Engineer: 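Mind having a look at this structure? Questions to follow.
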Amino acid sequence: MKNKRLTIYEECQQKGISRREFLKICTTVAALIGVESSGIAQVVNALETKPRLPIIWLHLQECTCCSESFIRAYHPTVGNLLFDSISLDYTDTLMAASGEQAEACKEDTMQKYWGEYLLLIEGSIPTKDEAYCCIAGQSAKQIVEKCAAGAKAIIAWGNCASAGCVQAANPNPTGAKPAHKLIQGKPLINVQGCPPIADVMIGVIVYILTYDRIPQLDALGRPKMFYNRRVHDTCYRRANFDAGLFVESFDDENAKRGYCLYKVGCKGPSTYNSCGIIRWNESTSYPIQSGHPCLGCSEEGFWDKGPFYKRLPDIHGFGIEATADQIGLAVGTATIGGIAIHAVATNVRKKKLIENNEEEGDIL
Amino acid sequence: MKTRKKRLVEIYVWELPVRFFHWLNALCILILCITGFIIADPPAIMTETEANFSYWFGIIRFIHFVAAFIFFFNFIFRLYWGFAGNRYARWNNFVPLKKAQWKEIWEVIKVDVLMIKNKPVDSIGHNALACIIYLGVFCAFLLQSITGFGLYAKMSESIFPKLFAWTIPLMGGGLVAREIHHSLMWFFILFALIHVYLVFYHDYIEQRGEASSIIGGWKFIEEEIAEREEVEEKAEIITQAARKDE
């Protein structure tokens, strides 16, 4: 007989969580993924009827900041629920098993839940030489291709897996590529950020768990419910922007007054993320609140669009690095010089023509 | 007393809609450049105050956006006039499909840029080199509108800017779009410099009233050239009529 898998609610009951407590959890989850009160029933139904979601979490070329962020999900009940409601079968950094045992866990999950498990990818994949990132004798590319084949859906954690992050920055020595460039034909969600916000990560998983489908994505594959608004438009310092009150340097009076960080390079106006709303570490703060401009870490290629503390990016390939303004000014000066030379040349070369037009004559 | 012995006739070259477009466009670009510079690098004119007492940066941005809308629809109107206007405003001037146009481009380079030839080019409206540059300018207008409205889309509830929103991810995000938008502004500034100089240059050496023609619309053209033009125009009308009859 096939082993019946317990539903999440049944597992909660076994752990001694009361019905009242369970409904509280469902409400929190509903609030997190942004459904209104009429949608709570759906969440309750999902958690009552669905078994734990098997998950394989791959660590490739990355710094583990996504995992660090994930374990700091601020609502402990939700955190607990998730560790109970998902079945994190394989994650090399957090799991107790190691070596062959760990790999066996992965193989086991893939076999048992082929087509059902969720694949989470943290880190980019080297393509120049696959040997740059190998785990248990297999290259990152091989592992990703193998695991992706049987996954229900794929979540690319953070900027590494979504856009390549610092490894893919110029000159990209390992040929690092994000997951979506290597995997075709599978639903893939880019949960952007360096790292993504913990509650956003959990929100995406809960959404998939509840609705059994992936959330609506924007043009860059990011879930719209968390990446639909600019950091700039949700910034509590926005009033200072509209009033033209700017921090000129990090140690001036304006910085102490909490003026807008636009002039010291804030990338908020072109960055889509929930930092201004959900914030970090139990909603304590986020970079701008701590007086640091947004780096735009949830945008593609943000490392190459620096410097971080200037508003307009440098243009590379001019020998020295220059901004559009410097180049514009130089070309403008050259143009005026060219015009002056041309004007002088006109008077020399076209003298006859001009004189011919002005023949002396009599007029009454 | 100095007088000219050339026999000139007056030709109505720039129709009112063309002149209207030109000056409204110039005004818009001037406003957009000034406000654009302020938006890119706002001056520190205020300090020691609370945000709720002022809105000057918001107003600067508002002016930029309003000017952008006027600029865009004025541009669309000019595109329309490329099909409805007279032979000097017609779209086919700007697209060098004919061999004669390429020949004239080379001729203008020799006469006006390199100055290795002295006989002026006989064009009545724009010369062919000017036309191909205007084609580039129109493309720049379009790209500037796309990046501008694309960036603006997120601040707006209306449908029109949203039509451009999809282009931003294609460019690689808002930062890249902003950079393109900013660099193109410099293109317009450089264009304006050269454009104004060349108007003075042509007015000075050809004495056809080049500078004032964009105010009144009339140019002074040598009689022979005007006659040739008239014959050409009539021939065109006849061939068009003949085509219709077929």
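These numbers come from a predicted model, not from an experiment. For the numbers below, each heavy atom of this structure counts, side chains included, while hydrogens, waters and symmetry mates do not.
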Engineer: Using heavy-atom distances under 4.5 Å, tell me whether B:V196 contacts chain A through its side chain, its backbone, both, or neither.
Structural biologist: neither

Engineer: Which bit of A:T346 is near chain B, if near means a heavy-atom gap under 4.5 Å: side chain, backbone, both or neither?
Structural biologist: both

Engineer: State yes or no: are the ring centers of B:F160 and B:F69 separated by less than 6.0 Å?
Structural biologist: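 Ring centres of B:F69 and B:F160 closer than 6.0 Å.
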
Engineer: Based on non-hydrogen pairs under 4.5 Å, which of B:A40, B:G174, B:P120 is most in contact with chain A?
Structural biologist: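 Of B:A40, B:G174, B:P120, B:A40 has the most heavy-atom pairs under 4.5 Å with chain A.
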
Engineer: Mark yes or no for whether A:N273, through its side chain, and A:S298, through its backbone, hold a donor-acceptor pair below 3.5 Å.
Structural biologist: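 It does not hold such a pair.
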
Engineer: Could you walk me through whether B:F62 and B:Y55 pass ring pair (Phe, Tyr, Trp, His ring centres under 6.0 Å), step by step?
Structural biologist: CA-CA 10 Å; B:F62 176 75; B:Y55 196 68; 9.1 Å; no

Engineer: Pick one of side chain, backbone, both or neither for A:K267, based on which atoms fall under 4.5 Å of a heavy atom in chain B.
Structural biologist: side chain

Engineer: Of the backbone (N, CA, C, O) and the side chain (C-beta and beyond), which part of A:N228 lies under 4.5 Å from a heavy atom of chain B, both, or neither?
Structural biologist: both

Engineer: For chain B, which candidate among A:P269, A:C260, A:A219 shows the most heavy-atom pairs at distances under 4.5 Å?
Structural biologist: A:P269

Engineer: Between B:E224 and B:R7, is there a salt bridge with N-O shorter than 4.0 Å?
Structural biologist: no

Engineer: Give, as side chain, backbone, both or neither, the part of A:E253 having an atom under 4.5 angstrom from any heavy atom of chain B.
Structural biologist: neither

Engineer: Under 4.0 Å between a side-chain nitrogen and a carboxylate oxygen: does that hold for A:E299 and A:R222?
Structural biologist: yes

Engineer: Go through the atoms of A:A343 and report whether side chain, backbone, both or neither lie under 4.5 Å from a heavy atom of chain B.
Structural biologist: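 Both backbone and side chain.
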
Engineer: Salt bridge between B:E107 and B:K103, side-chain N to carboxylate O under 4.0 Å?
Structural biologist: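 A salt bridge is absent here (no side-chain N lies under 4.0 Å from a carboxylate O).
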
Engineer: Find the one option among A:S270, A:G338, A:A345, A:G296 whose heavy-atom pairs under 4.5 Å with chain B are most numerous.
Structural biologist: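 Maximum pair count with chain B is reached by A:S270.
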
Engineer: By a 4.5 Å heavy-atom criterion (distance strictly below it), what part of A:F302 contacts chain B: side chain, backbone, both, or neither?
Structural biologist: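 Nothing of A:F302, per the 4.5 Å heavy-atom cut-off to chain B.
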
Engineer: If you count heavy-atom pairs under 4.5 Å with chain A, which of B:N52, B:I194, B:T49 comes out on top?
Structural biologist: B:T49

Engineer: Once the angle between the rings of B:F72 and B:F75 is folded into 0 to 90°, is it parallel (under 30°), tilted (30 to 60°) or perpendicular (over 60°)?
Structural biologist: perpendicular

Engineer: With a 4.5 angstrom heavy-atom cut-off, which part of A:R230 approaches chain B: side chain, backbone, both or neither?
Structural biologist: side chain

Engineer: Are A:Y286 and A:H292 close enough that their ring centres sit under 6.0 Å apart?
Structural biologist: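 No.
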
Engineer: B:I60, B:L170, B:D112, B:I38: which one forms the most heavy-atom pairs within less than 4.5 Å of chain A?
Structural biologist: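 It is B:D112.
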
Engineer: Under 4.5 Å from any heavy atom of chain A, what part of B:I39 do you find: side chain, backbone, both or neither?
Structural biologist: both

Engineer: Do A:D325 and B:F37 make a side-chain contact, defined as non-hydrogen atoms from C-beta onward lying under 4.5 Å apart?
Structural biologist: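 Answer yes - side chains close enough.
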
Engineer: Determine whether a donor-acceptor pair (N or O, by modelled atom type, separation under 3.5 Å) exists between the side chain of A:N190 and the backbone of A:A163.
Structural biologist: no

Engineer: Do you know which of A:R229, A:E300, A:K350 has the most heavy-atom pairs under 4.5 Å to chain B?
Structural biologist: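 So the answer, after comparing A:R229, A:E300, A:K350, is A:K350.
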
Engineer: Between A:N240 and chain B, with a heavy-atom cut-off of 4.5 Å, which part of the residue counts as in contact: side chain, backbone, both or neither?
Structural biologist: both

